[in-house]
Amino acid sequence: MSRRALRRLRGEQRGQEPLGPGALQFVLHDDDDAEEEGPKRGPGGRRPRGAGKEGVRINNRFELINIEDLEEGPVVNGERPDCLLTEAGASGNKRRSQSGSTETKRDGEAADKEGPPEQSNAAGKLRKKKRKQKNKKTAAGEASENGLEDIDRILERIEDGSGSSHPGPPPLSTKRHVLYVEHRHLNPDTELKRYFGARAVLGEQRPRQRQRVYPKCTWLTTPKSAWPRYTKPGLSMRLLESKKGRSSFAFEHSEEYQQTQHKFLAAVESMEPNNIVVLLQTSPYHVDSLLQLSDACRFQEDQEMARDLVERALYSMECAFHPLFSLTSGTCRLDYRRPENRSFYLALYKQMSFLEKRGCPRTALEYCKLILSLEPDEDPLCMLLLVDHLALRARSYEYLIRLFQEWEAHRNLSQLPNFAFSVPLAYFLLSQQADLAEQELSSTREMASLLIQQALTMFPGALMPLLEYCGVRPDAAVAGHRFFGPDAEISQPPALSQLVSLYLGRSHSLWKEPATMSWLEENVHKVLQAVDAGDPAVEACESRRKVLYQCAPRNIHRHVVLSEIKEAVAALPPDVTTQSVLGFDPLPPLDTIYSYVRPERLSPVSHGSTIALFFRSLLPNYTMEGERPEDGGAGPNHNQGLNRLMLAVRDMMANFHFHELEVPLEDNPEGDGEWD
């Protein structure tokens with residue numbers, strides 16, 4: 001191996017040795033350069049005297065740097081081949097030295113015979129340059145062919161030398177968390193481009209007005225030019241703790257934002273949407289006001305305005321993100337017990353609902369994964385009741401199967417009716433694809449049949465409502481059997497009935513395909529055969545139904561309220577339907593963590609005169625001027641309060657109308673009238 005190759009392997013360069021006492025004058029002997037360039041010849045083609053005996057004396061160290069030495073060789077896999085491939089370099093140098101010595105001798109003899117010394121020297125230099133380029137090309141070709149193999153050998157030597165072998169990195173699909181969110185799928189335009197093409201989607205967005213400058217680029221929404229100019233509303237995010245690879249964050253409200261929040265709560269209590277509109281004129285990026293006004297617009301069938309308000313709320317919250325908060329990692333947590341964090345949950349849920357109605361199920365699935373990743377253990381909005389539906393609509397069958405396989409052990413997903421029916425449907429739809437191998441196709445079909453039979457055995461009361469939703473009349477053998485008859489639906493617990501009605505009201509359209517119905521019919525008959533044969537699994541499932549579904553937790557009720565599915569809302573228990581449900585905070589947790597408390601309004605019982613209490617009972621919104629909390633208690637000017645009281649009396653008296661009742665004439669009991 002040449003000295004230059006050894007220097008490159010060691011990471012050294014010529015002229016970088018430590019300075020010594022005789023470093024200013026030293027002799028350079030480079031055998032590799034001598035082999036490549038060949039012996040220098042005199043005018044007659046002869047070698048000058050003393051050329052090989054005496055070296056070149058150099059006083060300047062930087063004259064050692066040759067331009068040819070600085071030329072980088074071809075790069076293979078991010079590394080220079082002459083640094084990694086030692087064996088290939090050594091063999092290449094040997095071949096170059098042998099071929100170079102023989103060819104230089106032949107060229108020298110031919111040059112002496114043919115022409116004058118000047119022409120021979122010029123021709124020799126051209127040949128040398130051509131040979132150098134040819135040698136570099138051959139070395140690069142050999143390195144590119146054997147590069148991967150030699151890199152593997154080097155890695156094996158390193159592992160053997162260290163005495164411990166580390167397993168190779170897993171494939172990319174297993175590296176990512178099951179709740180990993182992709183940025184590009186958070187944009188609905190990505191999905192719409194796949195359906196309709198980029199020209200149809202971006203046609204309206206090209207003539208944009210670039211007058212407004214927004215502070216940052218966001219992933220959840222795209223700021224619009226029609227929005228008010230963004231100013232920080234006093235919303236921020238802080239890092240609470242970070243341990244075991246998970247980071248907990250929380251939104252914070254400044255004092256100014258807290259005052260706006262108190263005004264918003266007062267506007268909600270007034271039951272007047274115009275008060276919220278007035279509040280948004282002064283605070284255009286107050287999140288709860290935007291969400292509440294979005295619900296009011298949605299009830300008035302103004303879907304475009306409702307969606308725009310939700311996007312503005314998301315933009316306001318994303319601008320307040322902590323630098324370490326990540327939407328895609330699946331390791332950032334937001335505690336739903338904090339009221340400041342709930343607005344982000346609800347804004348994401350409303351945006352997901354709009355995307356699903358818009359025809360973007362793949363983007364809605366990504367939002368669902370994002371909500372679930374914020375607190376997967378507690379799942380405050382119970383997104384596990386929705387993720388299967390969105391995965392089937394987006395045709396992400398592999399993702400639904402993977403989620404079921406990874407979470408079944410510790411979350412018992414098969415006990416939820418939606419997963420019990422959606423996972424076998426995903427297996428069946430996956431088996432309908434033509435690009436699967438025959439063996440894989442049969443195994444997938446068998447797994448689908450096995451899981452749907454288990455689902456029908458566990459939840460027999462879901463079959464008849466499902467067939468009714470799909471407009472299918474069951475045959476007499478199924479309709480008259482006691483296992484799937486009316487008793488199966490009546491005997492199931494109320495909590496289970498609520499889950500079944502929620503799933504069927506949302507996902508019944510996925511079962512209307514003729515191929516799906518024929519596959520379901522085939523497995524229904526197999527379940528009936530097992531029931532008639534006295535399968536012990538039937539009794540086991542019946543006992544589990546009575547034990548597991550005693551009462552539904554609060555997050556399921558919150559999900560039903562947000563879903564607005566009529567069948568599921570009708571099945572809510574009375575303790576939920578009798579209490580007031582606020583749109584900006586439906587069914588708050590019982591263990592709420594408050595960071596600040598709203599100042600209490602003065603109690604009407606302890607303050608005010610008897611007349612004021614009387615009018616307050618008639619007019620709930622009536623308050624005397626001195627009783628307002630912002631005035632700090634009873635004010636010195638009682639005349640204003642008295643004037644307000646007199647105006648209220650006048651309004652009340654003006655609304656009183658006395659109608660004279662017409663007394664009907666009594667019939668003559670004696671019958672003096674004449675009969676016509």
Side-chain angles (χ1 to χ4, degrees), residues 178-179 181 291 330 333-339 341-356 361 364-393 399-400 403-404 406-408 410-423 459 462 492-507 548-573 575-577 579 581-592:
V178 70
L179 298 179
V181 178
L291 296 179
R333 302 288 182 263
L334 284 176
D335 194 351
Y336 192 80
R337 295 176 298 174
R338 298 180 178 271
N341 296 340
R342 296 174 197 164
S343 302
F344 188 57
Y345 278 90
L346 296 174
L348 289 175
Y349 187 92
K350 294 177 186 297
Q351 178 72 355
M352 178 195 65
S353 301
F354 284 125
L355 289 171
E356 183 186 4
L365 174 63
E366 217 67 20
Y367 273 83
C368 182
K369 289 159 57 178
L370 175 58
I371 299 173
L372 188 57
S373 67
L374 295 177
E375 200 170 359
D377 296 332
E378 298 297 331
D379 193 10
L381 299 186
C382 209
M383 302 309 296
L384 287 177
L385 298 178
L386 179 60
V387 64
D388 61 300
H389 171 73
L390 295 177
L392 290 175
R393 285 201 58 192
Y399 173 76
L400 178 59
L403 178 64
F404 178 75
E406 293 186 8
W407 283 25
E408 169 62 19
H410 65 282
R411 299 296 292 269
N412 294 325
L413 297 182
S414 60
Q415 306 304 317
L416 295 174
N418 59 313
F419 268 92
F421 283 93
S422 294
V423 173
F459 308 105
Q492 60 186 4
L496 180 57
S497 300
Q498 184 179 0
L499 292 175
V500 171
S501 59
L502 178 66
Y503 171 70
L504 296 180
R506 175 181 284 155
S507 304
L548 294 177
Y549 305 99
Q550 302 255 339
C551 180
R554 194 174 181 84
N555 59 343
I556 292 181
H557 294 158
R558 190 180 299 120
H559 178 87
V560 171
V561 170
L562 290 173
S563 66
E564 298 181 355
I565 296 178
K566 297 179 181 179
E567 297 82 4
V569 173
L572 285 172
D575 58 342
V576 177
T577 55
Q579 59 180 315
V581 179
L582 302 176
F584 66 94
D585 191 9
L587 300 179
L590 301 178
D591 53 349
T592 300

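Small disclaimer: the values here were computed from a predicted structure and weren't measured.
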Which atom of [X] lies closest to which atom of [Y], heavy atoms considered:
{"X": "His557", "Y": "Val576", "result": "ND1-CG2, 3.5 Å"}
{"X": "Pro380", "Y": "Arg558", "result": "O-NH1, 2.7 Å"}
{"X": "Val500", "Y": "Ala462", "result": "CG1-CB, 3.8 Å"}
{"X": "Val561", "Y": "Pro586", "result": "CG1-CB, 4.4 Å"}
{"X": "Ser414", "Y": "Ala420", "result": "O-CB, 3.7 Å"}
{"X": "Glu408", "Y": "Leu413", "result": "OE1-N, 3.0 Å"}

Would you give the length of the straight line joining atom [atom1] of [X] to atom [atom2] of [Y], rounded to the nearest 0.5 angstrom?
{"X": "Phe459", "Y": "Tyr503", "atom1": "CZ", "atom2": "OH", "answer": "11.0 Å"}
{"X": "Ile371", "Y": "Cys382", "atom1": "CD1", "atom2": "SG", "answer": "12.0 Å"}
{"X": "Asn418", "Y": "Arg506", "atom1": "CG", "atom2": "CZ", "answer": "8.5 Å"}
{"X": "Leu496", "Y": "Tyr549", "atom1": "CG", "atom2": "OH", "answer": "6.0 Å"}
{"X": "Leu403", "Y": "Leu384", "atom1": "CG", "atom2": "CG", "answer": "7.0 Å"}
{"X": "Glu375", "Y": "Asp335", "atom1": "CD", "atom2": "CG", "answer": "5.0 Å"}

Please determine whether the number of non-hydrogen atoms from other residues, nucleotides or ligands lying under 6.0 Å from atom CD of Glu378 exceeds 12.
no
Whether [X] side chain and [Y] backbone form a donor-acceptor pair below 3.5 Å:
{"X": "Arg342", "Y": "Arg337", "result": "yes"}
{"X": "Gln498", "Y": "Ala552", "result": "no"}
{"X": "Arg554", "Y": "Pro589", "result": "no"}
{"X": "Tyr345", "Y": "Leu334", "result": "yes"}
{"X": "Tyr399", "Y": "Val178", "result": "yes"}

Determine whether [X] and [Y] make a side-chain contact, defined as any pair of heavy atoms from C-beta on separated by less than 4.5 Å.
{"X": "Leu348", "Y": "Leu381", "result": "no"}
{"X": "Ile565", "Y": "Val560", "result": "no"}
{"X": "Leu179", "Y": "Pro376", "result": "yes"}
{"X": "Pro339", "Y": "Phe584", "result": "no"}

Sidechain N-carboxylate O distance under 4.0 Å for Glu356, Arg393
yes
Are Leu504 and Glu567 close enough, and set up right, to give a side-chain contact (heavy atoms from CB on, under 4.5 Å), and what steps lead you there?
CA-CA 9 Å; Leu504 296 180; Glu567 297 82 4; over 6 Å; no
Should Leu370 and Met352 be marked as a side-chain contact (heavy atoms from CB on, under 4.5 Å) after you check the CA-CA gap, both sets of side-chain angles, and the distance that decides it?
CA-CA 10 Å; Leu370 175 58; Met352 178 195 65; over 6 Å; no
Evaluation steps, side-chain contact (heavy atoms from CB on, under 4.5 Å), between Ser422 and Leu400:
CA-CA 9 Å; Ser422 294; Leu400 178 59; 4.2 Å; yes
Should Leu390 and Val387 be marked as a side-chain contact (heavy atoms from CB on, under 4.5 Å) after you check the CA-CA gap, both sets of side-chain angles, and the distance that decides it?
CA-CA 5 Å; Leu390 295 177; Val387 64; 5.9 Å; no
Between His559 and the options Leu386, Asp379, Leu587, the side-chain contact (heavy atoms from CB on, under 4.5 Å) test singles out Leu386
